[in-house]
Amino acid sequence: MASTPSSTLLSPLYESNTFCNFTSLQKLSFPLNNKLLHSKSVTLTTTHVSLQEQSDISNPTNPRKTASSSKSSYIWVNPQSPKASQLRQKSYDSRYASLVKMAESLDSCNPVEEDIFNVLAALGDKVVEQDAVVILNNMSNAETALLVLKYFQQRLKLSKEVIIYNVTLKVLRKSKDLDRAEKLFDEMLQRGVKPDNVTFSTIISCARQCNLPEKAIEWFEKLPSFGCEPDDVTYSVMIDSYGKAGNVDMALNLYDRARTEKWRIDAVTFATLIRIYGAAGNFDGCLNVYEEMKALGVRPNMAVYNSLLDAMGRAKRPWQAKNIYADMISNGFQPSWGTYASLIRAYGRARYSEDALKIYREVKEKGLELSVVLYNTLLAMCADVGLTDEAVNIFEEMKASGTCQPDSWTYSSLITINSCSGKVSEAETTLNEMMEAGFDPNIFVLTSLIQCYGKAGRTDDVVRTFDRLSDLGLSPDERFTGCLLNVLTQTPKEDLHKLTVCLEKANPKLGYVVKLLVDEEAVEEGIFKKHAAEILDCVTTDVQKAYCNCLIDICVNLNQLERACELLDIGLTLNIYADIQSRTATQWSLQLKSLSLGAALTALHIWMNDLNKALENGEEFPSLLGINTGHGKHKYSEKGLAGVFESHLKELNAPFHEAPDKAGWFLTTKVAAISWLESRRAQEVVAA
DNA sequence: CTAGGGTTAG
């Protein structure tokens, strides 16, 4: 092996810097402990470092004098000097490295006692407890680790047996093996080893990582019965577990308790709190925690910054993400992969595509090697903002990088992009490429394909794709069903029955409601509304609006305006829509942002009725009336609601005109509005 | 890295 300057600095006890050389390890028996560390002097050769007994040293009073008694020349080093501590560190590092190597070979060893014990025999007889801890702490194979534990328990007189149990629990946690962890805990008790806070926090975080937050809570609650009082770390783990269990209140309660009990709350716990607030959608809560943390004099760490960036991304507040990023840099931190990923997501969600792509260029310019996750984050961002060509470029660069390969996420994003931009054959090609790479389509891919075929009017392919889901052993989720529902809004009447069959399979109650519409079935008054309300009430809030919008669109397409109005009413009652109509002394407004076209037309219809009533009642009109459609363009089409709505207003001869200085607003005056309403009423009378 | 917490995704 080539001798590098650093390898020549090793103790003479090592043959080379190949630390997995167990023969030399055996001879070594690890010199760091005991008297060697505490000897008065440390010697150094120009080619070798040696930590030896003082007897080797000819003149301890002159630390700089060169000794000539041995073959190599030695230099005196004062044990208190930085050099000596450097030497100790070097020696420690090399010993540590060899133990890590041993842990690795134990990980890949057969999980049989004989093989394991053979590997460990290389440690020799003078094994110390600390070595056992280092080895286990670096292992990741649960099965072999349990045998390693057994070996040390047989060979060593352990002064603190709880420690070796605790590091073994860490290994079990790495393999997410709560069953074995619980068994090991029982074994501890049987052997009379008393568990401590480390034991509990490790088991609790194991439960949390196994996605069993209830189990975590169970363990936390039994902690006092073992004579333990939770400390700051245990609180921190539990705060996280409550957060994961969706029990935000309990998480915050615990934080309050930790605070009143004057535990030192550190940056990791604050990062956890920020994540919990972020997941709960309380983004101001995130910022408050950040401020509170700074006020308490706790220095933020990367986890804090990254969770904040992530939260601001979810909140669609890219400007705040920028501020936090600037804070982070000015405090001397370097962005991590997590930072880049959070920023890309934050910019993507806010449609700041240029900023997101700038991050990509920055990473490349720095010569950093992108990981699959970062590539996938970029592609997901492209899908979010509709950057079709960029996505293809990034995908090509990813494949050319040679450092990472596309996975199912990669293909999924590409299929989404192709589907949303109506490129059916490209989506199909990507699907085939994905399957050739060994990935089955997952629910996200199939959701995109349903959208893709739906948009292209290929109803039979939608049905085929729908059936593929159950063929693959998957069941529809709310998004998948929502996309199917959305396809119905774009499908000609004669094809709708093919899709209601699917919808009934995916969600019988929703299927029933849609069937009432499609079959134009007359039912007792209130029945339709009752069933529709039930459906909308039981889906999660993040799909409620999409479902409601789609149902209204289907009504409008089928000319069932009354039911459309009923649905809009349900939407208002359930707070799916808020403040559609508003009145101030100077302006009456109709707020249509985030409504589908059908829902917007329905809301306009209701508003006009209400204006008529106001007119009949002789109410005083304000000087200005306005409709806000929002100016957001749809990501995969040129026209937003504003563009489509404008032509509808013309059809109605409505006097509303787009305000030149307020994008997305259509305004009219009191006089024009009243004369328009009156002329419509006159027409209705004539028609009647 | 040094017996416990978090850290890159629809």
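Hydrogens, waters and symmetry mates are skipped; everything else that's a heavy atom, side chains included, is used. Order of the sequence lines sets the chain letters (A, B, ...), proteins ahead of strands, with each chain counted from 1.
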- [ ] Find the distance D240(A):CG to dT7(B):C1' and express it as a whole number of Å.
- [x] 11 Å
TODO: Go through the structure and list residues passing side chain to side chain contact (heavy atoms under 4.5 Å, CB included) with F152(A), not counting sequence neighbours.
DONE: L120(A), L123(A), V127(A), A132(A), I135(A), L136(A), V148(A), L156(A), I164(A)
Open item on the list: With a 3.5 Å cut-off and heavy atoms only, can you find an N or O donor on one side and an acceptor on the other between the side chain of T234(A) and the base of dG4(B)?
Closed with: yes
- [ ] Mark yes or no: K399(A) above the aromatic ring of Y375(A), with NZ or CZ under 6.0 Å from the six-membered ring centre and no more than 45 degrees from the axis.
- [x] no
TODO: Please state whether the base of dG4(B) and the side chain of T202(A) form at least one donor-acceptor pair under 3.5 Å?
DONE: no
TODO: Among dG6(B), dA9(B), dG4(B), find the nucleotide with the atom closest to the side chain of Q209(A).
DONE: dG6(B)
Task: Nearest to side-chain heavy atoms of R275(A), which nucleotide of dG10(B), dA3(B), dG6(B) - done: dG6(B)
TODO: Select one nucleotide: of dG5(B), dT2(B), dG10(B), the one nearest the side-chain heavy atoms of Y96(A).
DONE: dT2(B)
Open item on the list: I want to check one thing: is the phosphate of dG5(B), taken as OP1 and OP2, less than 4.0 Å away from some side-chain N or O of R173(A)?
Closed with: yes
Open item on the list: Can you check the distance between dG10(B) and dG4(B), where both ends of the measurement are the P atom (answer in whole Å)?
Closed with: 30 Å
Open item on the list: Quiz question: going by heavy-atom distance under 3.5 Å, is there a donor-acceptor pair between the base of dG4(B) and the side chain of D196(A)?
Closed with: no
TODO: Give a yes/no on whether any side-chain N or O of R208(A) is located under 4.0 angstrom from OP1 or OP2 of dG5(B).
DONE: no
Open item on the list: Work out how far the C1' atom of dA9(B) is from that of dG5(B), and round it to whole angstrom.
Closed with: 23 Å
TODO: Tell me what S371(A) touches on the nucleic acid: a base, only sugar-phosphate, or nothing, going by heavy atoms under 4.0 Å.
DONE: base
Open item on the list: Looking at every heavy atom in both R275(A) and R208(A), which two are closest together, and how far apart are they?
Closed with: NH1-NH1, 4.5 Å
Task: F200(A) and F185(A) aromatic centres sub-6.0 Å - done: yes
Open item on the list: What's T269(A) touching, base or sugar-phosphate or nothing? Going by heavy atoms closer than 4.0 Å.
Closed with: base
- [ ] Describe the nucleic acid contact of D231(A) in one word from base, sugar-phosphate, nothing, applying a heavy-atom distance below 4.0 Å.
- [x] base
Task: Side chain to side chain, K244(A) and N211(A), heavy atoms closer than 4.5 Å - done: yes
Open item on the list: If you compare every side-chain N and O of N376(A) against the phosphate oxygens of dA9(B) (OP1, OP2), does one of them come in below 4.0 Å?
Closed with: no
